[in-house]
Amino acid sequence: MGFPIITPAFLKELTETMKPVTADEFCDVNITAFAVEYVPRLCYAESVKKLIEEKDILAYNMINLPDEDSKQFINQSRQTIAAYPQAKYYWQIRSLFMNILQNREVNFEKRLLLLNYGVKTVEGMLDKGRPDLVPKFINDYTAEKMNYDEVLGYFKAIRPNPGYSLADGISLLKSLSKPNAAYKEVLSTIYKNLGVSGPETLKMTDMKKYIGMRKNFSQTVAGEKSRYIENIMINYIWSYSIPFSKPEFNFWEHFVFFCSLYNAIKVMLTCFSQDFSDEEFIKAVSAFDTALRASDENLMTKVILAMKNAGQSNNGDLAILTLS
């Protein structure tokens, strides 16, 4: 039984562009419970450029290692599942994330609401000792003809809170390391466009101005460019092996981190680029990813615990964060 290696369908094309750098050098190679996964690093501008050029939903190729090379990975997988039984559903939950976030029948923010409901439901099944219900629920929930009106109706009472989103986003952005001039410039531009000198004066932000910036950004990415955000966030699902990067946290807690990461990127792009040009998008995302990689390896843990301690990790809080 061969252990699978999964790579983006465009990897060969990107590798040609990146020569003489090899795929092992510009990709993360994550060993998960069920596969070895290759993920392009967004600190490379060429990787970001390739992602935003992809107009179709992202596709992945799979090959199996020879049996003799697979033994160590298969044994590691068995050990992981024995220690963390919920890992058995890693691939089903990954499928839930991928299918919902690439459902272009609804806008991206609504997809996050649908994922909010889906992950919360799965976590409830696991908490109640009914993991047997998970595969059927995910299969039904991600079905091609699924009508999500009822699910989205659960979030009708949610109202955006731009101040909450801005503060949470800036908090994550400023906490990252500043490894190069590019990210320092991104932060400087953000503060300048907000009309503040830095994070310590964030409360002086003209919220009417910021709300206008948010509306402008939302309108700009509502059309064809919505795939830019979609593909970047899909890449981060693979980069962080969501939903099982840190097995000490449950699937819902991984979603908490994912929402915080999305909000930080949303705030960054809202405040950095006035016209959302491809060049500025690539510059901001590659600088952000460089800072993300240079930051404390416990970043995910810190974000999850900070949101839990602040009482902002329930599904209502994350829905507000998504819509703000």
Side-chain angles (χ1 to χ4, degrees), residues 1-44 46-51 54 56-99 101-102 122 126 131-132 134-135 138-139 142 231-251 254 257-258 289-290 292-294 297-301:
M1 183 176 116
F3 198 78
I5 298 178
I6 297 176
T7 60
F10 59 78
L11 183 60
K12 183 177 180 181
E13 182 181 344
L14 184 57
T15 302
E16 291 295 319
T17 303
M18 297 289 290
K19 279 186 174 179
V21 182
T22 64
D24 284 353
E25 294 174 293
F26 68 80
C27 284
D28 290 321
V29 184
N30 299 328
I31 300 173
T32 70
F34 290 98
V36 177
E37 303 168 356
Y38 275 68
V39 193
R41 296 174 186 160
L42 300 184
C43 54
Y44 290 99
E46 288 296 332
S47 294
V48 183
K49 181 180 178 182
K50 183 57 192 171
L51 276 174
E54 290 291 307
D56 294 327
I57 63 172
L58 297 181
Y60 295 83
N61 296 328
M62 184 179 78
I63 61 170
N64 285 336
L65 286 167
D67 288 348
E68 61 272 17
D69 296 329
S70 296
K71 290 180 181 177
Q72 61 171 317
F73 300 113
I74 292 172
N75 289 336
Q76 183 175 329
S77 173
R78 289 171 178 164
Q79 291 170 7
T80 299
I81 293 172
Y84 303 98
Q86 68 270 32
K88 178 180 178 181
Y89 300 98
Y90 170 87
W91 204 249
Q92 284 94 336
I93 308 295
R94 173 65 66 82
S95 174
L96 173 66
F97 271 82
M98 298 293 287
N99 288 337
L101 289 181
Q102 294 185 110
V122 167
L126 295 174
D132 54 299
V134 170
I138 293 177
N139 185 63
T142 57
N231 288 352
I232 293 304
M233 295 313 300
I234 291 293
N235 200 78
Y236 275 124
I237 287 175
W238 292 84
S239 291
Y240 279 97
S241 298
I242 290 175
F244 205 72
S245 176
K246 292 187 175 293
E248 64 268 29
F249 292 112
N250 62 33
F251 294 143
H254 280 80
F257 172 76
F258 185 74
D289 192 70
T290 300
L292 203 61
R293 292 175 180 281
E297 62 180 12
N298 292 318
L299 177 67
M300 180 185 286
T301 297

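Since this is a predicted model, take the numbers as computed values, not measurements. Any value given below was found using the heavy atoms of this structure, including those in side chains, with hydrogens, waters and symmetry copies removed.
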Taking all non-hydrogen atoms of both residues into account, name the closest pair between T142 and I138 and its distance. OG1-O, 2.7 Å
Test salt bridge (Lys or Arg N to Asp or Glu O under 4.0 Å) applied to E46 - qualifying residues, sequence neighbours left out: none
N250: what forms a side chain to side chain donor-acceptor pair (under 3.5 Å) with it, not counting sequence neighbours? none
To the nearest 0.5 Å, how far apart are CZ in F249 and CD1 in I242? 12.5 Å
Taking only residues two or more places apart in sequence, or in another chain, which ones meet K50 in a salt bridge (Lys or Arg N to Asp or Glu O under 4.0 Å)? E13, E54
Is any side-chain heavy atom of N235 closer than 4.5 Å to one of P40? yes
With rounding to the nearest 0.5 Å, note down the distance linking OG1 in T32 to CD1 in I6. 7.0 Å
Can you list the residues that meet the ring-ring contact (aromatic ring centres under 6.0 Å, His included) rule with F257, with sequence neighbours excluded? Y240
Looking at side-chain heavy atoms only, is the closest gap between F97 and H254 below 4.5 Å? no
In T290, L292, V48, the residue satisfying side-chain contact (heavy atoms from CB on, under 4.5 Å) with L42 is V48
Output all residues satisfying salt bridge (Lys or Arg N to Asp or Glu O under 4.0 Å) with R94, sequence neighbours left out; order by chain, then residue number. E37
Does anything in residues 234-244 form a salt bridge (charged side-chain N to carboxylate O under 4.0 Å, His left out)? List the pairs, not counting sequence neighbours. none
Y90 vs T80, side-chain contact (heavy atoms from CB on, under 4.5 Å): CA-CA, chis, key distance, verdict: CA-CA 11 Å; Y90 170 87; T80 299; over 6 Å; no
Between R41 and C27, which heavy-atom pair has the shortest distance, and what is it? NH2-O, 3.2 Å
Please name all residues satisfying salt bridge (Lys or Arg N to Asp or Glu O under 4.0 Å) with D132, sequence neighbours left out, ordered by chain then number. R130
Parallel under 30°, tilted from 30 to 60°, perpendicular over 60°: which one fits the rings of F73 and F3? parallel
List in chain and number order the residues that pass ring-ring contact (aromatic ring centres under 6.0 Å, His included) with Y84, two or more places apart in sequence or in another chain; answer none if no residue qualifies. none
Heavy-atom closest contact (P247 atom, Q86 atom, distance): O-NE2, 3.6 Å
Roughly how far, to the nearest 0.5 Å, is the CZ atom of F251 from the OH atom of Y89? 9.5 Å
Charged N to carboxylate O below 4.0 Å: is that the case for E68 and K71? no
For the pair N231 (side chain) and L51 (backbone), establish whether a donor and an acceptor sit closer than 3.5 Å, ignoring hydrogens and angles. yes
Would the number of heavy atoms belonging to other residues, nucleotides or ligands and lying under 6.0 Å from NZ of K246 be above 12? yes
Can you see which heavy atom on Q72 is nearest to which on D69, and at what distance? CG-O, 4.0 Å
CG (L126) and CD1 (I93) are apart, to the nearest 0.5 Å, by 6.5 Å
Exercise: identify the closest heavy-atom pair between A23 and T15: CB-OG1, 4.0 Å
Suppose the criterion is salt bridge (charged side-chain N to carboxylate O under 4.0 Å, His left out): which pairs have a residue in residues 82-91, not counting sequence neighbours? none
Atom pair CD1 (I31) and CD1 (I5), whose distance is rounded to the nearest 0.5 Å: 9.5 Å
Could you work out, with ring-ring contact (aromatic ring centres under 6.0 Å, His included) as the rule, every residue matching Y38, not counting sequence neighbours? none
I need the S241 OG to M300 CE distance, nearest 0.5 Å. 8.5 Å
Specify the closest pair of heavy atoms between S47 and L14, including all atoms of both residues, with the distance to one decimal. OG-CD2, 3.8 Å
Run the ring-ring contact (aromatic ring centres under 6.0 Å, His included) test against F34 and tell me which residues pass, sequence neighbours left out. none
In short, salt bridge (charged side-chain N to carboxylate O under 4.0 Å, His left out) pairs touching residues 231-243 with sequence neighbours left out are none
